[in-house]
Every structure is written in C-alpha cells, then in structure tokens.
There are 2 protein chains.
Amino acid sequence: MPTTSLPPTAWAVLGLLSFPGERTGYELKKWADASLRFFYGAPAFSQIYAELRRLEELGHVTSRRSGPQEPRTKRSYAITEQGRAALAAWADGGQDVDPVGLRHPVVLRVWLGHLATPERLETLVREHVARTEGELKEVRDALARADGVEAWAHPQIALRWSERRLEAEIELSRAMLADLAALTPPEDPQRAAP
Amino acid sequence: MPTTSLPPTAWAVLGLLSFPGERTGYELKKWADASLRFFYGAPAFSQIYAELRRLEELGHVTSRRSGPQEPRTKRSYAITEQGRAALAAWADGGQDVDPVGLRHPVVLRVWLGHLATPERLETLVREHVARTEGELKEVRDALARADGVEAWAHPQIALRWSERRLEAEIELSRAMLADLAALTPPEDPQRAAP
DNA sequence: TAGGACATGTAATCAGTTACATGATTAA
DNA sequence: TTAATCATGTAACTGATTACATGTCCTA
C-alpha cells in the first residue's frame with residue numbers, strides 16, 4: 001500500500017466508519033454533525049461523498065447498494081481491514097500531529113475594538129455567550145445519547161472534552177467582558193466626580 | 001461602494017493596518033504571527049500579498065514604494081478612510097458573525113482511541129500539553145511586548161483571552177488524561193487482586 | 001564574505017463550500 | 001397528498017497552502 005497521504009477530513013470520515021456497523025454517506029453526515037462537529041467541524045455532504053469515493057478507490061472502504069437495484073438507491077459503506085490498519089497508523093502518527101486550528105471571529109472583532117463602541121462590543125460577546133450556551137446544551141444531549149454504549153467509550157471522552165471546552169469558552173468570554181468593562185471607566189452621568 | 005463581501009482573512013489583514021502607522025506585507029506577516037495567530041491563525045506570506053492587492057483594488061488601502069525606484073523594492077501600505085469605514089462596518093456586523101472554527105487533531109485521535117494503545121494515547125496528549133505550554137510562553141512574551149502601549153488596548157485584551165484560553169487548553173488536556181486513565185482500570189501486575 | 005533577515009512575488013494544487021438537481025421513502 | 005426527511009450527486013468557485021524564484025540589505 002503506497003501510503004497516500006490524506007487530509008485529516010478523510011481520516012475523520014474513515015474514523016466514523018471504524019465503529020461497528022456500516023452506514024450511508026447521509027448517516028455519516030448526521031453523525032459528524034452530532035459529534036465530530038464539536039471538536040473538528042463537520043464536512044459538507046458533498047465532501048463526505050467525495051471522500052467516500054476516494055477511500056473506496058484506495059481500498060480503505062467497500063460499499064454495497066442496499067436498495068435492490070435502480071438508479072441511485074442508497075449505498076452503505078464499511079471499513080476494510082486495510083482501511084482500519086491505515087487509520088490506526090495515521091492516528092498513531094508519531095511524527096507530525098498538526099497544530100490545533102482555531103478561528104475565533106468574536107475575538108477577532110474585540111481585537112479590532114478601537115473601531116467599535118464599547119456597547120456594541122459587549123453585545124457581540126454576550127451574543128456569543130448565548131450561542132455557546134446553546135451548543136453546550138447540544139453536546140450534553142449528544143453525551144446523554146452516547147451514555148452507556150460500551151463501544152463509544154472514546155467518543156464519550158471526546159464529547160466530555162467538548163463539554164468542558166464550551167464551559168471554558170463561556171468563562172473566557174465573561175473574563176473578556178470584564179476586561180472590556182475595565183477599559184471604559186464606569187460612567188457616572190448624574191454627578192460629575194471631582 | 002458596492003459592498004463586496006470579503007473573507008475574514010481579508011478583514012484581518014486590513015485590521016492589521018488599522019493600527020497607527022504604515023507597514024509592508026512582510027511586516028504584516030510578522031505581526032500576524034505574533035498576535036492574530038493565537039486566536040485566528042496567520043495567513044501565509046503569499047496570501048497576505050494577494051489580499052493587499054485585492055484591498056488596494058477596492059480602495060481600502062493605498063501603497064507607496066519606499067525604496068527609491070528599481071525593481072521590487074519594498075512597498076508600504078496604509079489604510080484609507082474608506083477602508084477604515086468598511087472595516088468598522090464589518091466588525092460591527094450585527095447579522096452574521098460566523099461560528100467559531102475549531103479543528104483539534106489531538107481530540108480527533110482520542111476520539112479514535114479504540115484503535116490505539118492507552119500508552120500511545122497518553123503520550124499524544126502529554127506532547128500536546130508540552131506544545132501548548134510553549135505557545136503559552138509565546139503569548140506571554142507578546143503580552144509583555146504590548147504592555148503599556150496605549151493604542152494596543154484591544155489587542156491586549158485579545159492576547160489576554162489567548163493566554164487564558166491556552167491555560168484552559170492545558171486543564172482540558174489534563175482532565176482528558178484523567179478520563180483516559182479511568183478507562184484503563186489501574187493495573188496491579190505484582191499481585192492479582194481478588 | 002557569507003549567512004540570515006528583509007522583501008515580493010508566481011505557479012500549481014487542493015481542500016472545502018455553496019448552490020443546484022434529482023428522486024425515493026415515510027409520516028401527517 | 002403533501003411535506004419532511006432520506007439519499008446522492010455535479011458544477012463552479014474560492015480560500016489557502018506549498019514550493020519555488022529572485023533579489024536586497026545588514027551584520028558578524
């Protein structure tokens with residue numbers, strides 16, 4: 001096997017198939033949205049299908065049409081032994097684990113805070129906290145669904161990590177809010193202080 | 001102005017120019033590496049130059065050759081009033097602040113933990129902690145350099161956010177390490193417990 | 001005088017997204 | 001019977017990276 005190096009997303013898709021059972025591209029997408037998404041992002045449908053075709057060409061997965069015959073019925077994928085070995089080798093990846101990628105549009109805007117009003121900035125961060133609380137709820141739901149399933153032990157740890165990271169994200173936002181407030185000395189519009 | 005929507009990276013580059021002074025593409029890259037990088041990632045040289053050309057075409061920046069004449073001497077960029085207005089409008093961006101993007105290759109590997117040995121997984125996370133500690137040091141250096149400069153108040157807040165976020169990242173890793181250890185019941189190779 | 005930092009760019013490639021098209025199956 | 005969900009894919013585009021090419025300026 002010619003060690004074709006693949007993008008992490010390909011390994012993520014293959015990883016989705018490394019858990020017991022076979023599934024369709026569509027199912028894989030739902031799965032990605034409910035777990036992978038919290039620590040790695042979820043690829044678009046079109047990319048999942050593309051990766052599955054590539055993985056099949058490489059012999060890392062096999063597929064079979066499940067709908068009897070006919071045009072474009074559903075196609076279920078399963079990982080091969082070769083695929084499992086390749087995935088394990090990648091996951092082990094002693095040499096090069098690529099860096100954590102983070103793009104935080106809210107902090108980017110705070111960084112540009114000299115262009116905005118303090119009130120607007122505060123609103124932006126508060127909205128972010130609200131969104132994050134929503135995500136936190138979703139992770140907890142996912143965690144509840146995964147609870148007790150033996151085969152999901154590691155995905156559960158990843159979800160717990162995600163839960164804690166969202167909690168941390170909220171704390172980080174609040175601390176930033178405090179920093180922002182400290183920048184604007186507390187106004188006292190009624191009486192002018194000496 | 002025809003509200004040409006630009007990718008966040010273009011605004012980030014323009015943002016770098018929104019602080020007092022003019023600078024070259026090369027300087028912008030150094031800057032991005034020392035600040036932007038910690039919460040948004042730093043674009044490659046080639047992309048910075050490309051964005052600068054685009055921003056100039058849009059009238060958001062102007063440039064002048066600093067080396068007297070001759071082939072490819074350095075070119076310094078400055079933001080225009082129009083550019084500043086456009087940037088402020090984007091930063092305010094009430095409607096659509098895009099979601100936080102996170103790709104965490106270490107958590108991805110833990111998620112795939114059923115394919116690895118517990119020891120290997122532990123090493124992977126410990127290495128990540130070490131790398132993160134290195135980054136933390138870099139943020140603190142950046143923070144020290146920015147200290148006291150009046151115009152950098154908001155960038156400083158972004159850096160403080162980055163510092164806390166790296167501290168949180170380390171705590172998160174340690175918690176995950178504990179979760180992993182709990183998965184593998186403590187071995188007692190000397191005497192078999194009843 | 002050699003090496004490193006400064007400085008700018010081109011070419012090739014790829015990863016990944018959005019928008020669109022199509023149709024089957026299931027539940028209200 | 002109609003809407004939602006399941007299901008798969010194509011086309012066009014673009015964001016972004018890597019590798020390469022080129023040359024200047026400064027300093028040990």
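In what follows, chains carry the letters A, B, and so on, assigned in the order in which the sequence lines appear, proteins first and then strands, with residues in each chain numbered from 1.
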(Q) Let's go through Glu169(B) and His128(B) carefully: what are the C-alpha distance in whole Å and the side-chain angles of both, what is the deciding distance for side chain to side chain contact (heavy atoms under 4.5 Å, CB included) to 0.1 Å, and is it a yes or a no? (A) CA-CA 10 Å; Glu169(B) 178 77 24; His128(B) 173 61; 2.7 Å; yes

Nearest whole Å is fine: how far is [N] [atom2] from [X] [atom1]?
X: Arg64(B); N: dA7(C); atom1: CZ; atom2: P; value: 13 Å
X: Phe45(B); N: dC6(C); atom1: CZ; atom2: P; value: 9 Å
X: Lys30(B); N: dA5(C); atom1: NZ; atom2: C1'; value: 8 Å
X: Leu36(B); N: dA16(D); atom1: CG; atom2: C1'; value: 15 Å
X: Leu52(B); N: dT8(C); atom1: CG; atom2: P; value: 9 Å
X: Arg75(B); N: dT24(D); atom1: CZ; atom2: P; value: 17 Å
X: Glu27(B); N: dC6(C); atom1: CD; atom2: P; value: 9 Å
X: Asp98(A); N: dA16(D); atom1: CG; atom2: P; value: 17 Å

Q. Pick one: which of Tyr77(B), Tyr49(B), Phe45(B) meets ring-ring contact (aromatic ring centres under 6.0 Å, His included) with Tyr26(B)?
A. Phe45(B)

Q. Parallel, tilted or perpendicular: which describes the rings of His114(A) and His154(B), with under 30° parallel and over 60° perpendicular?
A. tilted

Q) Which letter, B, S or -, goes with each nucleotide of nucleotides 10-17 of chain C from 5' to 3', with contact meaning a protein heavy atom under 4.0 Å? A) B----SSB

**Q.** Main-chain N/O of Leu172(A) paired with Arg164(B) side-chain donor or acceptor, under 3.5 Å
**A.** no

Q.
Apply side chain to side chain contact (heavy atoms under 4.5 Å, CB included) to residues Gln156(A) and Asp179(B) and explain how you reach the verdict.
A. CA-CA 10 Å; Gln156(A) 268 174 59; Asp179(B) 280 354; over 6 Å; no

Q) Hey, is the side chain of Tyr26(B) poking within less than 4.0 Å of OP1 or OP2 on dC6(C), counting only N and O atoms? A) yes

**Q.** Ring-ring centroid check Trp111(A) Trp11(B), cutoff 6.0 Å
**A.** no

